[in-house]
Amino acid sequence: MTRTATGVSAEMGSISWRAVGCMALRALGRDWQSGELRVLAAALLIAVASVAAVSFFTDRIQQAMERKASELLGADLVVAASNPIQPALADTALQQGLQTAETLSFRSVVLAGDVTQLTEVKAVGPGYPLRGALQVSDRPFGPPRTVDTIPSPGQVWLDERLLQILGLQAGGTVNLGARAFRVEHVLAYEPDRAGDLFSIAPRLLLNLADIPSTGLVQAGSRVAYRLLLAGEPAALEGFKTWARTRLVAGEKLEGVRDARVELRSALDRAQRFLNLAALVSVILAGVGVAIAARRFAARHWDSVAILRCVGATEALIVRLFVLELLMLAMLAGAAGLLTGYLAQYGLSGVLGSLVSRTELPAPSLWPVLPALATGFVTLLGFGLPPLLRLREVPPLRVLRRDLGPVNPRLLALYGPAVAATLALLIWQAGEWRLALYVCAGVAGTVTVLSLAAWGLVKALNLLRGQVGVAWRFGMANIARRGSGSAVQVVALGLGLMALLMLTLVRTDLLTSWRASLPADAPNHFLINVQTSEVTQVQTFLREHGLHDVELFPMVRGRLTAINGRNVGPEDYQNPRAQRLVAREFNLSWTDTLQEDNRILAGHWWRTGDQGQGVASVETGLAEELGIVLGDTLRFQIAGQDLAAKVTSLRSVEWDSFRANFFVVFPSGVLDAYPATWITSFHLPIDRKPVMAELVRHFPSITVLDVEALMTKVREIMDRVISAVEYVFLFTLAAGLVVLYAAIQATQDERRFESAVLRTLGAQRAVVRQSLLAEFATLGLLAGVLAAAAATVLSYGLATQVFDFPYRWNSWIWLLGGGAGVLGVGLAGLLGARSALAQPPWRALREL
Amino acid sequence: MRVDHNLEAGSGISVASVFASDNPVASAIIQVEDLGKQVISPEGPLIILDAIGFSIARGESVAVVGASGSGKSTLLGLLAGLDTPTHGRVWLAGVDLNRLDEDGRALLRAQRVGFVFQSFQLLTGLTALENVMLPLELAGHADARQQALELLERVGLQARARHYPSQLSGGEQQRVAIARAFAGNPDVLFADEPTGNLDQKTGHRIIDLLFALNREQGATLVLVTHDQELAAYCDRVLELDDGRLRESLAQPSSGA
Ligand SMILES: Nc1ncnc2c1ncn2[C@@H]1O[C@H](COP(=O)(O)OP(=O)(O)O)[C@@H](O)[C@H]1O
Ligand SMILES: [Mg+2]
């Protein structure tokens, strides 16, 4: 067999970089003709393209989604403060090209005739809201319409509930502080009515200019000031950076993610999906590079031995191949960047109506960096080790073909590459947990696959002799190649696993995600239901076709101590934790675990727990506040202390739009405290008037319509899912490259074998059958192992990373095995086709 | 230019039915008429073989000699039906190879032909024994293992049966290749510079073995070599010169 010769030069002793460069360039051109360099290039291109695309995408999708989500904040960014905001902030924002609007809110008693009501008063300035729009209607629960104005001076907009309580209609008069106002509209929707949905009093909206005349806002009054900001992402970033150094105590910046827990979790999941797609493509590309580089190196043993013979030093060999690889990296990297950049043009189509083309922010340049870095690390990390070992090829190989580089430990070979990739992934994804999970998953999969593949390959030995000549030869081949076959099964398994994950598991995960917010998810909340009203409300709802609506008691309490140690905001670094301990949160009691809650640690109530000081804590809260199972918590509820031991930690689906509680007690503990009840249910749009009637019957109950919020979340979810599927196409391509590389890996050997077989008198059908037997068997092994691995991985992903209930999918086995047998079998046959088409003499001569 | 248009001509005709047919010289095991091979090289058409004609009688041993690049290997490939000629005909064991398709030729090889190559061409994944078993298995022999073991014993390698080619020296590998070539009692044995990769002493041992086995089995031997001394062992020498045949007169069998 003759092999591709790397350029041999006479004056090899003192050779310049330039000359080596020329040699490397020529070698690149020559090696391009032999397939494995193309596999290397393809793997690299895909790694770079997918990281670039995902960075370009996430960058832009993120911006687009946050913009959409910012409607729920009424702005892109908010400065919130408990004192009047420094005018310098607004001035600078304006100078930096941002739009601004101001609001302030406080609680005050509103008077109409002789009816009084504690009300959440909000005063808004011109321009409000900067994102989203207000909706008003002419009568309570009437059809809403969007407006782009704010209340005129002297006029106020009241929400449905306040009108009901005050017994007013549009056109009526209310008194606020020192001043009387005319009711202009019913306030139907206010985009940024965020914060704690369940504690807000009814709303009165007025013009900021009217505030001084009410005399209500004075030094020392408890007022929440907000400066709303909107504009270009770059300008926002600039403002954020500037403002961080300028904020005084009591002022803080709030972004979209702080606005609503439902959105936060949707955006987080989206981000995770996109990162996952990029991670998996990079790892797969790494595997593809590793396989192709191994073959590339093996094919160069002969030519390196010759080079060494004619006097090339080890250093020269290393320089030569490193240069060749770098040149390839540059070419493929550039092509990858271009592909990634072009791919994002599909994005506007994918995002559809979510953002208009003009609204979509321009791609920034920064993704180029991580993308290129990924490409180089992947290529050098996985591609270089086998090439570096080329310098160990003894010149004696020219005489003794069996001499090659000594086989090193795999770990020593790829350990640094894996570590570098991991670091890169963490940097790129910014999420070490996901990166670690994926890497651990892949590493575990490789280990298990290797062991299983080795076992299966050995087991095949037992089958020899039971089948015909072609099958015997094919299967014996697998067993004979031993470790080589195992490597091939692992590579094929990884490729197939990626494909399975991307077809079935992706659909499952995304379906689970969609299912977490079904069409009949609760869109209305009732809060402030008094204990005495519970049965009446239930009856009312049942009479109006809303069956099985469960009401939950709610008691407000503040956490004052953990394990006897007092806690306050100053004990925490994290602003969210500070907020949590600073204010009261909702406690509840129940004896049955809510459907969407899951116990993650400890146990749900045992018999005898009723009336005892035990509590179940939501896991996110526990994490945030440093509460662990077995801690004793002290709450202050209505001025009294209550101690409870944490007997379980629960997960809660916050984006399910159901009533959920941070801390739950068994019955018999909180019953004596003043409680209000809360419930949520789905009310079809056309039945909205039922709510008007409900409020007439139970004037003190607050109805919250979250349909608008939900629509927004759902819209974001749908768009993100399409974007994720689009990005997964790259991962799919990476998986295919791995499969191709794995099949290519033994192609030379097989061409030679089939030529020898035919020389010895084997008919083509026999050769084809033996190839089919071998590849189909390899494919079957790989497919079944891939299905097993995909099942385990998707279970881990669903439960640990994405927090979805895992769904068992039995199709995966059929598809894995089938795709393995058919795909790999056919690919193997196709690969051998050209060798089989030509007379064996030619095939033998070429090798 | 004729481009292998006759490749598929033999499709559908079973080898058996062709065997007893149109061989012009009944006693010849190999009959060659106006054989030519031309390839398209980057510098244009290249004639490798031109107007070759000869015949080899059953049981004869023939050496094909010539300078390197004179077309010896190409000729051997054509004689064995491993490659297709651009024009002319080869009858092998009475069968016109042009009338057989690829698989027909493979079947014919399985039943009638053995090979020894300069670079051994053993399958590296198979043990010595398995390599020898291969043609027997392909020809459907039930006792492939037994026969292969006997052949290995005959070439003195029974102790190395389980070794892989990479664990054997060049001479040993070539002995395995010879055992493989004689497996299944071929009528014709083709050897392409079987000693080319071996030292002189080992080369002599290989040649002795080759001739000894050949005599035992009564096969026809076509031996390509550029070694005149080796050629002298054969009944007859065919000399190729730049793709043309320059047949030397029949030599007296040296018998030495
Ligand atoms: N497929 C081919 N394409 C181009 N040239 C070939 C091909 N096969 C053989 N040759 C050329 O034909 C000539 C004869 O080759 P070969 O039969 O191997 O010679 P020998 O075995 O006598 O050394 C050589 O010059 C060789 O380069
Ligand atoms: Mg030759």
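Labels below follow one simple rule: chain letters A, B, ... track the order of the sequence lines, proteins then strands, and each chain is numbered from 1.
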Chain A contact via B/Leu78 - which portion, at a heavy-atom distance below 4.5 Å: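 Nothing of B/Leu78, per the 4.5 Å heavy-atom cut-off to chain A.
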Partner set under salt bridge (charged side-chain N to carboxylate O under 4.0 Å, His left out) for A/Arg758, not counting sequence neighbours: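 A/Arg758 satisfies salt bridge (charged side-chain N to carboxylate O under 4.0 Å, His left out) with B/Glu102 once adjacent residues are dropped.
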Between CG on residue B/Asp101 and CZ on residue A/Arg764, distance to nearest 0.5 Å: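 B/Asp101 CG to A/Arg764 CZ: 6.0 Å, rounded to 0.5 Å.
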Side-chain donor/acceptor of B/Asp103 to backbone N/O of A/Gln763, under 3.5 Å: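 The answer is no, because no donor-acceptor pair under 3.5 Å joins these two groups.
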For the student: nearest non-hydrogen atoms of A/Thr759 and B/Phe117, plus distance: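 Nearest pair, atom of A/Thr759 first, then B/Phe117: CG2-CZ, 3.6 Å.
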Smallest separation among heavy atoms of B/Ala106 and A/Ala762, with atom names: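 Shortest heavy-atom separation between B/Ala106 and A/Ala762 comes out as CB-O, 3.2 Å.
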Residues, nucleotides or ligands: over 12 heavy atoms within 6.0 Å of B/Asp199 CG: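 Result for CG/B/Asp199: enclosed.
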Best-contacting candidate, B/Ala110, B/Ala80, B/Gly81, against chain A by heavy atom pairs under 4.5 angstrom: B/Ala110
Residues which pass side chain to side chain contact (heavy atoms under 4.5 Å, CB included) with B/His163, listed by chain and number, not counting sequence neighbours: B/Arg160, B/Gln167, B/Leu168
